[in-house]
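Below: one structure, written as structure tokens.
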Amino acid sequence: MPELPEVETVKETLKRKILNKRIVGVNIYHEKIIEFPSVKEFQKQIINQQFIDIKRRGKWLMFELNDYYLLSHLRMEGKYNIKKLNEQLDKHEHVVFVLDSNQELRYNDVRKFGKMHLITKDDVYDQVPLKTLGLEPTDKSLTVKYLKDKYKSKSLPIKTVLLDQQIIVGIGNIYANEILFLSKINPLKPSKKITNQELQLIIDNTNLVLKSAIEAGGTTIRSYTSSEGIHGRFQHKLLVHGRVGQECFDCKTIIEKIKVNGRGTYYCPTCQK
DNA sequence: AGTGCGACCCGAACGC
DNA sequence: TGCGTTCGGGTCGCAC
């Protein structure tokens with residue numbers, strides 16, 4: 001389940017494989033993946049574009065082409081594979097970019113939730129979907145003051161607000177649980193009541209968790225297994241997510257699971273009062 | 001404006 | 001064994 005750390009890994013992996021290659025064709029088998037522009041325009045505009053670089057903003061992959069950015073959001077299960085030209089199409093391959101190297105870059109997504117946008121380079125940051133995004137966790141502007149200002153009017157649970165990509169990008173459900181556990185904050189605590197000290201903990205632990213996940217994440221993107229949808233070695237480092245009924249590593253209290261905004265939320269009732 | 005929640009999607013896990 | 005139901009994940013859009 002790609003969150004920011006896995007998007008980062010995909011970016012680095014693909015860079016080594018597709019830079020400087022040219023798109024000579026594109027086949028779209030599930031049109032809803034293409035959000036902007038129309039499928040027809042998308043196909044027309046992307047032909048003959050080369051991959052110049054790959055960047056990331058939040059959970060969005062940014063394929064830099066000659067004239068456009070191809071933005072790609074993997075949502076829960078999107079993946080990219082490089083295959084030989086005309087190799088048998090997998091059931092879940094929905095968009096295929098034919099390259100000038102007799103290879104194909106294929107977007108595979110079991111849930112069909114992923115989205116792509118093709119935006120001219122000049123205004124990529126001024127258009128949806130990037131224009132509404134909040135700060136990267138590593139941004140120096142991510143301060144207690146910034147968060148205080150964003151949170152002060154919100155009575156929503158802190159867990160819910162941590163997932164709001166307009167404030168901080170890159171935090172998904174799993175990491176929100178981990179960040180709050182490390183910060184010893186109850187997931188249901190209203191955002192406006194989070195103290196300055198707690199805000200600093202959230203900032204520090206967001207960076208800690210995401211950095212650690214990036215370091216652990218890389219290699220096992222493909223070994224998709226558990227029902228929790230967790231891949232990568234980071235799953236073995238989870239302190240609270242998915243541990244309902246097991247002892248808290250800190251105080252031995254049994255970890256509880258509740259729903260917050262409809263999402264599975266794990267916490268230690270003793271450590272996170 | 002802030003909030004709540006269904007829709008999107010489908011494979012795995014669960015209940016019977 | 002088989003069948004139906006529930007769950008999960010990120011984001012959007014609609015209703016209040």
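Reminder, nothing fancy here: chain letters follow the sequence lines and each chain counts from 1.
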Which of dC9(B), dT3(B), dG9(C) is nearest the side chain of Lys154(A)? It is dT3(B)

Look at all strands and tell whether His94(A) reaches a base, only sugar-phosphate, or nothing, counting heavy atoms closer than 4.0 Å. nothing

Does any pair with a residue in residues 96-107 of chain A pass side-chain hydrogen bond (donor to acceptor under 3.5 Å, both in side chains), and if so which ones, sequence neighbours excluded? Lys21(A)-Gln103(A), Glu93(A)-Arg106(A), Ser101(A)-Gln103(A), Glu104(A)-Arg106(A), Tyr107(A)-Asp109(A)

Give Thr160(A) one of three labels, base, sugar-phosphate or nothing, depending on what nucleic acid heavy atoms sit under 4.0 Å from its own. nothing

Using C1' atoms of five pairs at each end, report the bend of the helix from dG2(B)-dC16(C) to dC16(B)-dG2(C) rounded to 10 degrees. 60°

Starting at CD1 of Ile258(A) and ending at C1' of dG8(C), how long is that distance when rounded to a whole Å? 16 Å

Hey, is the side chain of Gln165(A) poking within less than 4.0 Å of OP1 or OP2 on dG10(C), counting only N and O atoms? no

I need the CG-P distance between Leu133(A) and dG10(C), as an integer number of Å. 15 Å

Determine the contact category for Gly172(A): base if any of its heavy atoms lies under 4.0 Å from a base atom, sugar-phosphate if only primed atoms, P, OP1 or OP2 are that close, otherwise nothing. sugar-phosphate

Under the ring-ring contact (aromatic ring centres under 6.0 Å, His included) rule, what pairs show up with a residue in residues 8-49 of chain A, not counting sequence neighbours? His30(A)-His94(A)

Applying side chain to side chain contact (heavy atoms under 4.5 Å, CB included), can you list everything that pairs with Asn261(A), at least two apart in sequence or on another chain? Thr160(A)

Who passes side chain to side chain contact (heavy atoms under 4.5 Å, CB included) against Ser153(A), sequence neighbours left out? none

For the side chain of Lys259(A), counting heavy atoms from C-beta on, which of dG10(C), dG4(B), dG8(C) is nearest? dG8(C)

With a 3.5 Å cut-off and no angle check, do the side chains of Gln200(A) and Asp204(A) form a donor-acceptor pair? yes

Given dC9(B), is OP1 or OP2 found less than 4.0 Å from the side-chain N or O atoms of Lys91(A)? no

Treat each ILVMFWY residue as a node, draw an edge where side-chain heavy atoms are under 4.5 Å apart, and state whether Phe97(A) and Ile54(A) are in one component. yes

Check every strand shown and say whether Lys32(A) touches a base, only sugar-phosphate, or nothing at a heavy-atom separation below 4.0 Å. sugar-phosphate

Rounded to the nearest angstrom, tell me the gap between atom NZ in Lys150(A) and atom C1' in dA1(B). 13 Å

Using a heavy-atom cut-off of under 4.0 Å over every strand shown, decide if Lys192(A) touches base, sugar-phosphate, or nothing. nothing

Between CZ of Arg263(A) and C1' of dG10(C) the distance, given in whole Å, is 7 Å

OH of Tyr29(A) versus P of dC9(B): gap in Å, rounded? 20 Å

What's the OH-P distance between Tyr107(A) and dC9(B), to the nearest Å? 13 Å

According to a strict under-4.0 Å criterion, is His30(A) in side-chain N/O contact with OP1 or OP2 of dC10(B)? no

Contacts of type side chain to side chain contact (heavy atoms under 4.5 Å, CB included), residue Glu41(A), not counting sequence neighbours: Pro37(A), Ser38(A), Lys44(A), Gln45(A)

Would you tell me if any nitrogen or oxygen in the side chain of Lys59(A) comes within less than 4.0 Å of OP1 or OP2 on dT11(C)? yes

Lys79(A) NZ to dG11(B) P, in whole Å, measures 12 Å

Ser153(A) side-chain proximity, nearest of dG2(B), dC7(C), dT11(C): dG2(B)

Would you kindly check if the NZ (Lys) or CZ (Arg) of Arg57(A) is within the cone defined by 45 degrees around the ring axis of Tyr69(A) and under 6.0 Å from the six-membered ring centre? no

Check the hydrophobic clustering (I, L, V, M, F, W, Y; side-chain heavy atoms under 4.5 Å; chains of links allowed) and say if Tyr267(A) and Leu201(A) are grouped together. no

Among dT3(B), dC5(B), dC8(B), the one nearest any side-chain atom of Asn261(A) is dC5(B)

What integer distance in Å separates His92(A):NE2 from dA12(B):C1'? 12 Å

Contacts of type ring pair (Phe, Tyr, Trp, His ring centres under 6.0 Å), residue His117(A), not counting sequence neighbours: Trp60(A)

Under 3.5 Å between N/O atoms: give me all the protein pairs with nucleotides 12-16 of chain C, atom names plus distance.
none

Taking only residues two or more places apart in sequence, or in another chain, which ones meet Phe63(A) in a ring pair (Phe, Tyr, Trp, His ring centres under 6.0 Å)? Phe51(A), Tyr80(A)

On the nucleotide dT11(C), are OP1 or OP2 found under 4.0 Å from the side-chain N or O atoms that His73(A) carries? yes

